[in-house]
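Beneath this line is the structure, given in structure tokens, with notes to follow.
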Amino acid sequence: MVLLGKAIIIVSNILFGLLVVRALCSWLMGSGRSWVQTIYRISAGLTEFLVAPCRKITSKFNGGMFDWSLLLACLAIMLARDILLKLIMMLS
């Protein structure tokens with residue numbers, strides 16, 4: 001069970017980091033650097049399965065220029081991690 005808990009923490013940290021990288025690269029896309037666009041495409045490809053449902057939810061609330069779906073995806077990751085870790089602790 002400890003190994004499963006560590007795996008959940010590692011995966012959630014990786015996903016959270018990819019979302020942060022995605023957000024930072026989206027702000028730097030206008031710089032014209034191809035490596036920023038490449039990193040953005042990779043991080044977006046790996047996190048779109050989380051962001052797309054969040055975007056559907058946040059599209060109802062027009063947030064203007066800020067994309068709230070990334071923040072919601074980060075919160076969902078943290079919430080899911082905490083719930084899974086508590087379930088593992090209860091079962092062990």
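None of these values were measured; they are calculated from a predicted model. Quick note: numbers below take in every heavy atom, side chains included, and nothing from hydrogens, waters or symmetry partners.
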Exercise. Would you please name every residue forming a side-chain hydrogen bond (donor to acceptor under 3.5 Å, both in side chains) with Ser43, sequence neighbours left out?
Key: none

Practice problem: Report the residues that fulfil side chain to side chain contact (heavy atoms under 4.5 Å, CB included) with Cys74, sequence neighbours left out, ordered by chain and then residue number. | Solution: Phe16, Leu19

Quiz item: Which other residues belong to the hydrophobic cluster containing Leu79, where Ile, Leu, Val, Met, Phe, Trp and Tyr are joined when side-chain heavy atoms lie under 4.5 Å apart, directly or via other members?
Solution: Ile83, Leu87

Quiz prompt | Remaining members of hydrophobic cluster (4.5 Å side-chain criterion), Ile14 | solution = Ile10, Leu18, Ile42, Leu46

Quiz item: Residues two or more places apart in sequence or in another chain: which of them pass side chain to side chain contact (heavy atoms under 4.5 Å, CB included) with Leu84?
Solution: Ile8

Quiz item: About how many Å separate CH2 of Trp68 and OG of Ser59, when rounded to the nearest 0.5 Å?
Solution: 15.0 Å

Quiz item: Considering residues at least two apart in sequence or located in another chain, which fulfil the side-chain hydrogen bond (donor to acceptor under 3.5 Å, both in side chains) criterion with Gln37?
Solution: none

Quiz prompt | Under the side chain to side chain contact (heavy atoms under 4.5 Å, CB included) test, residues paired with Asn13 that sit two or more places apart | solution = Ile9, Arg81

Quiz item: Between Ile57 and Leu15, is there a shared hydrophobic cluster once you connect ILVMFWY residues whose side-chain heavy atoms come closer than 4.5 Å?
Solution: no

Quiz item: Hydrophobic clusters join Ile, Leu, Val, Met, Phe, Trp and Tyr when side-chain heavy atoms are under 4.5 Å apart, directly or via other members; which others share one with Met90?
Solution: none

Quiz prompt | Contacts of type side-chain hydrogen bond (donor to acceptor under 3.5 Å, both in side chains), residue Ser12, not counting sequence neighbours | solution = none

Quiz item: Can you name the residues that form a salt bridge (Lys or Arg N to Asp or Glu O under 4.0 Å) with Arg41, not counting sequence neighbours?
Solution: none

Quiz item: Can you name the residues that form a side chain to side chain contact (heavy atoms under 4.5 Å, CB included) with Met1, not counting sequence neighbours?
Solution: Ile88, Leu91, Ser92

Quiz item: Can you list every pair that meets side chain to side chain donor-acceptor pair (under 3.5 Å) and has a residue in residues 18-27, with sequence neighbours left out?
Solution: Arg22-Thr47, Arg22-Glu48

